[in-house]
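Everything on this sheet refers to the single structure shown next.
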2 protein chains.
Amino acid sequence: MAKQKFYVVWRGMAPGIYTSWPEAEKQVKGVAGARYKSFASRAEAEAALQSGPGKSTGTKKASKDRKSQASGDKVTAKASRWHEVDIYCDGACDPNPGPAGTGLAVYRDHALSELWYGLFNPAGTNNTAELQGLLHALKLAKSAVEGGRQTAIHCDSRYAIDCVTKWAFGWKSRDWTRKTGPIMNLALIQDAHAVYLELVDRITVLHVPGHAGIEGNELADRMSMLAIQKAETDLVPCPPPFDISALLALERG
Amino acid sequence: MAKQKFYVVWRGMAPGIYTSWPEAEKQVKGVAGARYKSFASRAEAEAALQSGPGKSTGTKKASKDRKSQASGDKVTAKASRWHEVDIYCDGACDPNPGPAGTGLAVYRDHALSELWYGLFNPAGTNNTAELQGLLHALKLAKSAVEGGRQTAIHCDSRYAIDCVTKWAFGWKSRDWTRKTGPIMNLALIQDAHAVYLELVDRITVLHVPGHAGIEGNELADRMSMLAIQKAETDLVPCPPPFDISALLALERG
RNA sequence: UGACACCGUGUGGA
DNA sequence: TCCACACGGTGTCA
């Protein structure tokens, strides 16, 4: 679960994409006017490589800490995505608590199919946003499952997953109460749990590490930021075709 | 046993520290956007007063940034006015982690008085170097204060300042532990905090922006580089007379 | 005590 | 543009 970075070299010894900094550094070290940049996912890097270095938009949060593994090994960005339908959900909240939004990325047969953003909440938390993401991922999953498709949901919030797929059983059996105090975000949890119950034998809900360069998670993350930026209260589709590098360049300010 | 509280007023009628709530309340009552908070000790309050209120409420990033920048400049300019004794400290580490050194520049009555360099550590970090700088600045400050001189320390490491003047209070109260893991550079922090406690009511510790052309900071920076170059493990004075522009022309961080 | 997430700050280097 | 060193807070649960 180490963070894999992808380095685009536009101008250097051998332009291309590299998976470790030492490797990338060789291409740019000592090259006058070298252009290069790191990205969290290969998809992002490939889009950027084709777009060229022109934009200075920069992913502002590129340098969140997580240690990179020693060598340029291939991290399993693929391991968690091998279903007929894969739905990634994410939430953002800036500051936390504060304005919050949700994003979804849907893959069908391993290809990006739809992007959704919205559910803006001017007074949310990171967890309301993540629960909204999971709830709506479940709703999308329901359609897929009813169409006979093998479906998985990928969520980076252990809290949201456990609320809906684990703890909710116990809470419900005690009439949605908890010894230690009121259950936060209860309505959202109840809604999501109800949908989950309908699908429980037919879907997989997986935890994916955040900020690990997993494409679907990164795209859902950007959508959640877009939701905040646009204060979009509905859940609306992002119109195709998808220009990934443009989407990833979205920023507030 | 009623606890004595200390009230910091950052924005109000008359910013400062108050020792009773009625007194503090007068300063903030009816003042739009007033910022204030109570602390358990005067030392904590003073550190907090200098650090600023810390929490942001704004959601508009651009305008917020500009505004806080402007007001931050104002605070700094006001607070950085000359003292009878001004001590600048800095640390360098090249590469980081790696060989590290520390430098100090001391002004007395607005005139450069001494330059110190050393504390070479062949396996340091930027932060060990900065903490060494702050520790030894505090030691120098102690002499000055005991001589009845109004004294300030200027440090460009927010990390070092906060470790010693702010976070150390909480860490000490929890037996020098932290929720999120072990405290790095603990011995250095403990030493510096102990000296700080002796002086807390009689000195000012200020943050200065790095690489901003502030003479004292620049000179301390050159001294820290010199410490690495000479691998000087003691803290030794740079012999006068001082040719400031020649010193500033030395290799810098 | 642990886990996941969401935000924020500064410095040291190439 | 890249790397690394260090830290704070809140949201939530078992």
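Here is the naming used below: chain letters follow the sequence lines, and residue numbers restart at 1 for every chain. Values below: every heavy atom of this structure, side chains too, minus hydrogens, waters and symmetry copies.
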Checking C:G13, D:dC7, C:G10 against the side chain of B:Met184 (C-beta onward), the nearest is D:dC7

So, with a heavy-atom separation below 4.0 Å from DNA chain D, the residues of residues 189-196 of chain A are none

Of the candidates C:C6, D:dA4, D:dC13, the side chain of B:Asn126 sits closest to D:dA4

Separation of D:dA6 atom C1' from B:Asp156 atom CG, nearest Å, is 14 Å

Whole-Å distance, A:Glu25 CD to D:dC2 P, equals 13 Å

Rounded to whole Å, the CD1-P distance (A:Ile183 to D:dG11) equals 18 Å

The correct set of residues in residues 212-226 of chain B placing a heavy atom under 4.0 Å from DNA chain D is none

Note: contacts of residues 127-135 of chain A with RNA chain C (heavy atom, under 4.0 Å) are A:Glu130

All heavy atoms of B:Ala141 vs all of B:Ile87, minimum pair found to be N-CD1, 3.5 Å

Between NZ of B:Lys166 and P of C:U9 the distance, given in whole Å, is 13 Å

Looking only at C:U11, D:dC7, C:C6, the nucleotide nearest the B:Arg178 side chain is D:dC7

DNA chain D nearest-nucleotide lookup for B:Pro97 and A:Tyr36: closer to the 5′ end is A:Tyr36

Out of C:G12, D:dT12, D:dC13, minimum distance to the side chain of B:Cys93 belongs to C:G12

The side chain to side chain donor-acceptor pair (under 3.5 Å) partners of B:Asp94 (sequence neighbours excluded) come to none

Sequence neighbours excluded, the answer for side chain to side chain donor-acceptor pair (under 3.5 Å) partners of A:Arg158 is none

From CG of B:Asn185 across to P of D:dA4 the rounded distance in Å is 18 Å

B:Ser157 has its side chain closest, among D:dT10, C:U11, D:dC13, to C:U11

A:Ala100 and A:Gly124 have their tightest heavy-atom pair at CB-CA, 4.1 Å

Name every donor-acceptor pair, under 3.5 Å, that has one atom in a side chain of residues 125-134 of chain B and the other anywhere in the protein, sequence neighbours excluded.
from     : atom 1 : to       : atom 2 : distance (Å)
B:Thr125 : OG1    : B:Asn127 : N      : 3.1
B:Thr125 : OG1    : B:Thr128 : N      : 3.0
B:Asn126 : OD1    : B:Asn96  : ND2    : 3.2
B:Thr128 : OG1    : B:Thr125 : N      : 2.9
B:Thr128 : OG1    : B:Thr125 : O      : 3.0
B:Glu130 : OE1    : B:Gly91  : N      : 3.4
B:Gln132 : OE1    : B:His136 : NE2    : 3.4

N/O donor to acceptor pairs below 3.5 angstrom from side-chain atoms of residues 24-33 of chain A, sequence neighbours left out:
from    : atom 1 : to      : atom 2 : distance (Å)
A:Gln27 : OE1    : A:Ala14 : N      : 3.1

Residue set satisfying side chain to side chain donor-acceptor pair (under 3.5 Å) with B:Gln229, at least two apart, ordered chain then number -> B:Glu251

Note: for A:Trp171 and B:Thr125 on DNA chain D, the residue whose nearest nucleotide lies more 5' is B:Thr125

Report yes or no: does A:Arg11 contribute a side-chain atom to a donor-acceptor pair with the main-chain N or O of A:Arg35 at less than 3.5 Å? no

For B:Asp221, the side chain to side chain donor-acceptor pair (under 3.5 Å) test, sequence neighbours excluded, returns none

Taken to the nearest whole Å, NZ/B:Lys179 to C1'/D:dT12 is 14 Å

Ranking C:C7, C:U11, D:dC3 by distance to the side chain of A:Pro95, first place goes to C:C7

No-hydrogen, no-angle side-chain donor-acceptor test under 3.5 Å, B:Asp86 and B:His154:
yes

note: A:His211, atom NE2; C:C6, atom C1'; distance rounded to Å ~ 8 Å

From CZ of B:Arg158 across to P of C:U9 the rounded distance in Å is 12 Å

Validation: residues 181-192 of chain A side-chain donor-acceptor distances under 3.5 Å, sequence neighbours left out:
from     : atom 1 : to       : atom 2 : distance (Å)
A:Asn185 : ND2    : A:Tyr159 : OH     : 2.9

With the side chain defined as heavy atoms from C-beta on, B:Tyr159 is closest, among D:dA6, D:dT12, C:A5, to D:dA6

task: Could you check whether B:Gly98 gets within reach of a base, just the sugar-phosphate, or nothing at all, counting any heavy atom under 4.0 Å?
output: nothing

Testing D:dC13, D:dT12, C:G12 for proximity to the side chain of B:Asp90, the answer is C:G12

Report task. Confirm from the modelled atom types if A:Asn96 and C:C6 form a donor-acceptor pair under 3.5 Å, side chain to base only. Result -> yes

A:Lys230 meets the side-chain contact (heavy atoms from CB on, under 4.5 Å) criterion, sequence neighbours left out, with A:Tyr117, A:Leu226, A:Glu232

For A:Tyr196, the ring-ring contact (aromatic ring centres under 6.0 Å, His included) test, sequence neighbours excluded, returns none

